[in-house]
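Chain letters run A, B, ... following the sequence lines, proteins first and then strands; every chain starts at 1.
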Number of protein chains: 2
Amino acid sequence: MKWKIEENGFDTEKATGLGNKFLIGNGYMGIRGTLEEFKKDQFPAVNLSGIYDQVGSGWREPLNAPNGLYTRVLVSGEEYALPEQECLSHKMLLDYRHGIFSRETGFMTKKGRILLEAERFASMEEKHLICLKVKITASFDGSLEILTGIDGDVWDINGPHYDKVETGTEEGVIHALGITHENRDEVIVCEGLETFFEAEEKMESTGRKIIRHLRFQVKAGEEYIFHKYISVYTSKDLESFREEGKALVKQAGKDGYEKQSEKHCGRWEKLWKVSEVLIEGDDEAMEALNYSLYHLHCIAPRHSKSLSIAARGLSGQTYKGAVFWDTEMFMLDFFLFTEPEVAKTLLKYRIDTLSGARKKAKDYGFDGAFYPWESQEGGFDACSDYNVTDVFTGRPMRTYFKDKQIHISAAVVYGIMRYSEFTGKDDLLREGGAEVIIECAKFYYSLLVKQVNKDRYELWDVIGPDEYHERVNNNAYTNRMAKFTFDSAIKLLEDYPVQDGTGSKELLDNFKNAAGHLYIPQPHESTGVIEQFDGYEQMEEATVSEVKSRLLNEKEYWGGAYGVASHTKVIKQADVVTMVNLFSREYDRDILYKNWSYYEPRTEHGSSLSACMYSMLACKCGMADKAYPFFIKSAKADLEEGGKQWAGLIYIGGTHPAASGGAYMTAVEGFGGIHIEDGILKAEPKLPKGWSRLSFKLYYLGDLYQVTVTEEEASVEKLQAVDWMD
Amino acid sequence: MKWKIEENGFDTEKATGLGNKFLIGNGYMGIRGTLEEFKKDQFPAVNLSGIYDQVGSGWREPLNAPNGLYTRVLVSGEEYALPEQECLSHKMLLDYRHGIFSRETGFMTKKGRILLEAERFASMEEKHLICLKVKITASFDGSLEILTGIDGDVWDINGPHYDKVETGTEEGVIHALGITHENRDEVIVCEGLETFFEAEEKMESTGRKIIRHLRFQVKAGEEYIFHKYISVYTSKDLESFREEGKALVKQAGKDGYEKQSEKHCGRWEKLWKVSEVLIEGDDEAMEALNYSLYHLHCIAPRHSKSLSIAARGLSGQTYKGAVFWDTEMFMLDFFLFTEPEVAKTLLKYRIDTLSGARKKAKDYGFDGAFYPWESQEGGFDACSDYNVTDVFTGRPMRTYFKDKQIHISAAVVYGIMRYSEFTGKDDLLREGGAEVIIECAKFYYSLLVKQVNKDRYELWDVIGPDEYHERVNNNAYTNRMAKFTFDSAIKLLEDYPVQDGTGSKELLDNFKNAAGHLYIPQPHESTGVIEQFDGYEQMEEATVSEVKSRLLNEKEYWGGAYGVASHTKVIKQADVVTMVNLFSREYDRDILYKNWSYYEPRTEHGSSLSACMYSMLACKCGMADKAYPFFIKSAKADLEEGGKQWAGLIYIGGTHPAASGGAYMTAVEGFGGIHIEDGILKAEPKLPKGWSRLSFKLYYLGDLYQVTVTEEEASVEKLQAVDWMD
């Protein structure tokens with residue numbers, strides 16, 4: 001394992017995408033892998049978790065903090081900065097074992113060459129702290145100027161979010177404080193500078209920037225180093241957030257860069273001690289997979305007891321920084337298996353946003369809890385009724401993600417139940433999880449319809465995971481997940497009986513009735529295929545490439561009422577396959593296989609959530625080799641620069657933590673065959689060609705297990721705390 | 001009453017529209033008011049009732065017969081014909097008391113002036129016969145040539161429908177026989193010529209035409225007259241259709257033009273004797289109204305015992321020549337009141353197409369009878385799933401007229417019940433009408449859904465009369481009509497009890513249960529407004545002109561998933577207003593008024609069916625003056641040339657018999673206040689300003705009544721047969 005990725009040379013076109021690939025973060029914030037000298041047009045960002053703002057009718061989105069990394073070098077009054085100036089050489093490096101980003105850029109100045117080196121990390125130890133080390137070397141003797149400070153003129157997609165940015169200096173610590181438009185939240189960034197050379201310092205404060213000008217003399221070949229300690233706090237963190245911000249910078253300065261780095265790296269090592277996955281025989285897969293896990297570590301909200309992860313992690317404002325079903329259905333297992341307390345934090349977020357989900361249900365005339373499709377703080381649904389733009393007319397198109405994608409509530413239930421199953425603990429249930437489950441069951445109960453002349457209950461007018469077919473009846477995945485919700489609620493009500501008079505007897509009867517009558521589409525008698533929704537079989541049979549060839553504009557939406565895929569069998573992403581993967585034990589392997597092979601050629605894989613469901617199910621069908629390319633696709637979702645960065649004029653790039661989580665699930669549950677059988681954690685050898693050994697650790701019922709899988713066998717061994725803990 | 005409309009001068013642009021305005025017909029065929037010399041590019045048509053053809057994937061549409069009127073005049077080898085040549089003068093005239101079209105056109109030839117006069121009628125006495133009289137006068141002495149014969153190269157929208165056209169001559173009678181593509185049906189047109197001058201005759205048969213060339217010498221100022229007797233038969237009429245065609249032409253020739261004309265006019269006089277509506281004080285309204293009734297007479301299928309009327313009558317192939325709800329809901333009353341046997345014929349068509357309706361229901365997975373949205377012979381639904389073209393992409397748009405506009409079946413029930421109510425006879429019920437009603441009730445029963453946690457039954461995912469809002473739940477009109485259907489079926493099952501074992505006891509229970517639980521949207525407590533469908537109130541409030549101003553292309557569809565009206569409160573046509581008009585006795589006048597005044601400003605009136613519902617309801621609200629402009633709009637639907645003739649490159653013009661029927665209903669039921677109270681026919685004076693007296697006759701329970709309404713009073717007087725019959 002190299003634990004490193006590198007990028008050589010500079011290409012403006014690629015810079016935005018590399019911002020995601022070279023991201024660092026600590027869950028409190030994510031720092032895009034952009035350069036210190038970048039201004040907002042180059043999309044630098046210190047993206048914050050869990051704090052949002054809306055301006056006018058623009059989309060509500062998370063905040064980017066003022067950029068305390070901002071640094072530029074001047075020689076003879078001229079700025080040497082990318083992308084404005086050509087460089088002699090440029091290299092970026094990410095140490096993803098420790099979340100350390102570094103760059104090294106050579107410029108030819110009028111006086112000679114300079115080399116700018118920088119290294120940064122968002123401290124895993126101290127979540128409000130960023131440390132930056134800058135080293136400059138020149139090939140000449142002469143004077144140099146450095147501009148470094150805080151740039152409050154941040155990149156925003158639907159901003160500006162700061163109505164104003166106040167700057168100031170106090171005892172050598174500078175700060176920029178942004179005040180948000182919607183809620184008057186405050187974000188303060190403080191910066192302390194530590195130089196290791198003599199320099200004349202002047203402070204400049206213009207507009208939204210506060211910048212130090214350092215003038216100093218250099219000698220050819222000598223290194224000139226300075227450290228920056230940058231703190232980031234918001235008014236939502238604690239009351240004394242301003243004082244804390246300044247204090248942290250001072251304290252960090254006292255400790256020094258190396259000590260901070262040491263503590264930071266120590267934390268990372270501890271994380272890898274449990275979470276690293278070893279694959280013998282396939283370095284490429286091992287590196288891609290651990291790189292994926294790196295991204296999950298970067299965005300895990302360890303600083304909070306109740307916070308979730310956005311669909312694009314902390315890589316920017318795309319997807320409104322909102323929490324989707326991605327968290328519960330794709331990311332949860334990684335944390336549940338390696339750091340259950342983070343899994344709890346993620347689910348606590350859902351418990352704590354129950355009121356938002358209740359309000360949404362009520363607004364639509366339903367009972368219980370209808371979780372937001374795009375959840376922000378408090379369970380506010382950031383999803384718009386018009387989420388796509390018609391490329392032909394420029395008009396917003398009415399979409400139904402928000403109001404019809406009802407499977408989201410079941411995903412929350414699934415997450416909570418899975419937590420209970422793998423931890424063996426009922427803490428989450430007692431802390432509100434049970435109530436969430438009951439409320440979600442009430443929600444589905446209020447959605448059930450029954451044709452008067454039939455006995456079964458149905459769910460109509462929904463959107464399943466395949467968003468290209470909207471407003472369908474009896475989406476198999478949705479119905480099955482609703483049944484799971486009823487079953488879970490029944491279990492709870494039976495396991496924790498409450499006195500009557502609370503209405504829970506009636507609830508129990510209702511849910512039993514619902515679970516007993518809810519229609520679950522079954523495998524077709526002869527083909528074994530489960531119909532994705534009522535009438536899917538009547539849709540036009542067309543290949544994905546055929547459908548693609550019908551596009552009149554490459555940016556047009558494939559779905560909606562009239563999209564190229566809408567009336568064909570072509571689907572966006574795993575839908576029935578997701579269902580049979582989750583409930584694989586209810587079907588014969590033959591049925592799993594038939595559904596996999598029926599739906600795979602009909603799937604566009606237009607979502608990064610799709611591949612891993614195909615790879616996991618392929619493993620369960622005994623086709624590890626067919627699983628492999630889907631696994632690699634998931635594992636490399638952020639490593640390769642093929643992903644969509646733009647939709648029309650809108651930047652939609654970012655990291656894909658759900659794909660990362662999906663790659664992990666495929667490795668552990670797919671190739672490693674991890675599952676629970678009669679309460680016992682088991683593994684099964686399902687390795688793809690070339691893998692001689694797969695090994696990883698995971699938690700089950702509070703104990704850590706070492707799993708080792710070879711071609712022939714799989715072992716699951718409980719570890720004693722002394723064996724592995726520091 | 002002038003009973004005449006005239007058009008002076010020739011304008012190519014207007015010619016197509018005038019084809020509708022000057023239409024003549026006798027129910028078997030309609031002949032567009034186009035000129036004898038017109039070739040297919042000018043849209044002449046002898047449009048046939050009840051016979052259809054489809055070519056390739058084009059729309060299935062009714063046949064136009066070979067054009068036996070085809071006639072052109074030549075002087076010195078040059079054709080004098082519109083629109084190719086300029087004319088000196090041109091006049092068209094329609095005697096709509098007798099269905100006689102005439103024209104008079106002067107041309108300047110190289111030799112001097114000629115005047116071409118022609119007169120035609122489609123015999124009301126002999127439904128297969130067309131008579132044409134042509135008179136030519138010249139201002140010079142010299143030779144003239146006439147081309148006259150049959151042009152089998154007919155205008156088709158989605159043709160050509162004749163795979164081949166055979167022509168021939170036999171004993172002076174020429175014929176053209178077209179063989180259709182789809183079913184190999186045959187249409188034969190025979191023509192006999194009677195000239196009153198010496199001429200040299202030569203026959204020419206080229207392509208799909210068979211033409212006589214008549215050369216003769218003219219003297220200045222003298223009249224040269226010839227008659228043509230043209231018969232039209234199809235292989236669906238009778239086995240010996242060819243022989244009959246020839247025989248008819250010969251017989252007509254023997255009788256002569258004048259005698260045919262006399263018999264024809266006599267029939268028309270007889271029709272007017274019952275159906276004429278007299279309005280004292282408003283000639284304009286009286287003429288427009290009787291002109292509307294003329295159009296209804298022209299298309300009444302008196303030659304059949306089981307045939308209905310297309311939405312554009314017999315004016316061409318637009319709207320696929322299909323039968324819509326227009327017949328039962330808008331045209332039926334006129335026939336029911338003035339010629340009940342025609343009403344029976346119209347409804348018999350529905351009874352005889354029950355198998356098609358059953359098949360449609362079954363194909364969609366429903367029980368009973370789902371009548372076609374666009375019904376052709378046998379109850380075949382000509383409606384396509386893609387009925388509109390997206391003007392921006394040129395792609396067909398998925399529309400839901402066919403599968404979701406379920407109110408059509410209830411319209412059929414409504415028609416049958418209304419027939420029984422006004423005739424007092426159960427003949428139609430006994431001849432299959434009862435079965436239709438039961439089947440329609442079974443259909444709705446199979447559509448009922450119930451939310452599991454509610455008691456009421458609902459109808460989801462439908463389109464109401466306002467087609468701009470598709471896939472809605474609980475459209476008030478649709479639900480109320482479904483209830484009407486259940487109530488009708490219950491009445492039948494109770495009135496004609498059958499032995500048990502037939503399952504009718506169970507049906508009765510089901511229908512009673514359905515009628516008792518079906519949700520009918522009620523007037524809002526404070527506003528009194530009935531919500532058009534679930535969620536209508538949440539739609540954007542925008543004016544019709546505001547919505548119109550959002551069009552990016554004047555031809556774009558206002559409805560569908562993303563139309564300019566789709567997510568606003570702007571509706572295409574009367575919907576709730578239609579419902580409260582039909583069931584006005586169930587609401588206080590105040591509620592009627594509140595719904596009228598709420599929905600009127602929100603209605604585009606994009607359908608010619610809309611205005612009359614507003615005028616009728618306005619009368620019931622005591623606002624005859626507000627009703628008046630809507631009444632005039634309906635009555636003049638075909639008289640004024642404002643109607644849409646084109647949708648993009650597709651000709652959609654034609655007559656508007658539903659508007660004609662609506663104008664009639666407004667006069668009789670609105671202004672005249674005709675209604676039944678405790679089994680007694682009653683009228684009420686609700687005349688608009690300026691009308692001093694309104695009088696008409698109508699049938700009720702087999703008796704003819706004279707109704708006379710003045711400002712103050714209304715009288716209904718039973719007529720003795722001797723008083724009015726010949």
Side-chain angles (χ1 to χ4, degrees), chain A residues 363-368 385-386 388-400 403 442-454 456-461 470-473 506 510 513-514 517-518 534-535 538-540 550-553 556-557 559-564 566-567, chain B residues 363-368 385-386 388-400 403 442-454 456-461 470-473 506 510 513-514 517-518 534-535 538-540 550-553 556-557 559-564 566-567:
Chain A
D363 289 348
Y364 283 107
F366 305 127
D367 296 338
D385 280 347
Y386 294 84
V388 171
T389 299
D390 185 324
V391 295
F392 301 106
T393 61
R395 290 179 185 142
M397 290 164 82
R398 178 67 166 91
T399 45
Y400 296 92
D403 40 347
K442 278 155 84 175
F443 168 63
Y444 289 113
Y445 189 76
S446 72
L447 281 165
L448 292 177
V449 297
K450 175 188 170 305
Q451 284 186 274
V452 168
N453 65 346
K454 288 186 185 162
R456 70 193 200 190
Y457 298 169
E458 311 189 8
L459 289 167
W460 284 18
D461 200 6
E470 58 186 32
R471 308 196 63 187
V472 303
N473 293 351
E506 191 195 336
N510 287 348
N513 177 33
H517 288 85
L518 181 54
D534 291 353
Q538 272 70 59
M539 299 268 156
E540 184 196 348
R550 295 176 189 168
L551 292 173
L552 298 176
N553 181 319
E556 69 173 290
Y557 184 49
Y562 312 117
V564 289
S566 307
H567 302 285
Chain B
D363 289 348
Y364 283 107
F366 305 127
D367 295 338
D385 280 347
Y386 295 84
V388 170
T389 299
D390 185 324
V391 296
F392 301 107
T393 61
R395 290 181 185 142
M397 291 165 82
R398 178 67 165 90
T399 44
Y400 296 92
D403 40 347
K442 278 154 85 175
F443 168 63
Y444 289 113
Y445 189 76
S446 72
L447 281 165
L448 292 177
V449 298
K450 176 189 170 304
Q451 284 187 273
V452 168
N453 65 346
K454 288 186 185 164
R456 70 192 200 190
Y457 298 170
E458 311 188 10
L459 289 168
W460 283 17
D461 201 6
E470 58 185 32
R471 309 196 62 188
V472 303
N473 293 350
E506 191 196 336
N510 286 349
N513 177 32
H517 287 85
L518 181 55
D534 292 352
Q538 272 70 59
M539 299 268 155
E540 184 197 349
R550 295 176 188 169
L551 292 172
L552 298 175
N553 180 319
E556 69 173 290
Y557 184 49
Y562 312 116
V564 289
S566 307
H567 303 285

**OP:** Using the side chain to side chain contact (heavy atoms under 4.5 Å, CB included) rule, pick out the option among L552(A), V391(A), D390(A) that qualifies with T393(B).
**Re:** L552(A)
Original post:
Which residue, N510(B), L448(B), V449(B), forms the side chain to side chain contact (heavy atoms under 4.5 Å, CB included) with V452(A)?
Top reply: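 That would be L448(B); it is the only one of N510(B), L448(B), V449(B) passing the side chain to side chain contact (heavy atoms under 4.5 Å, CB included) with V452(A).
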Mind ranking [options] by heavy-atom pairs under 4.5 Å with chain A and telling me who comes out on top?
| options | value |
| --- | --- |
| E458(B), R398(B), Q451(B), H517(B) | R398(B) |
| D385(B), D461(B), N453(B) | N453(B) |
| M397(B), R550(B), Q538(B) | M397(B) |

Original post:
For D367(A), which residues count as a side chain to side chain donor-acceptor pair (under 3.5 Å) partner, sequence neighbours excluded?
Top reply: none
**OP:** Name all residues meeting the side chain to side chain donor-acceptor pair (under 3.5 Å) criterion together with H567(A); count only those two or more places apart in sequence or in a different chain, and write none if there are none.
**Re:**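 Scan of H567(A) (side chain to side chain donor-acceptor pair (under 3.5 Å), adjacent residues dropped) gives none.
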**OP:** Tell me, for Y400(B) versus chain A, whether the close heavy atoms (under 4.5 Å) come from the side chain, the backbone, both or neither.
**Re:** side chain
Original post:
By a 4.5 Å heavy-atom criterion (distance strictly below it), what part of R471(B) contacts chain A: side chain, backbone, both, or neither?
Top reply: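 Both backbone and side chain.
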**OP:** Answer yes when E556(B) and R395(A) have at least one side-chain N-carboxylate O distance shorter than 4.0 Å, and no when they do not.
**Re:**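 Yes, charged N to carboxylate O under 4.0 Å.
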Subject >> Top of Y562(A), W460(A), F392(A), Y386(A) for chain B proximity - count of heavy-atom pairs under 4.5 angstrom >> reply: Y562(A)
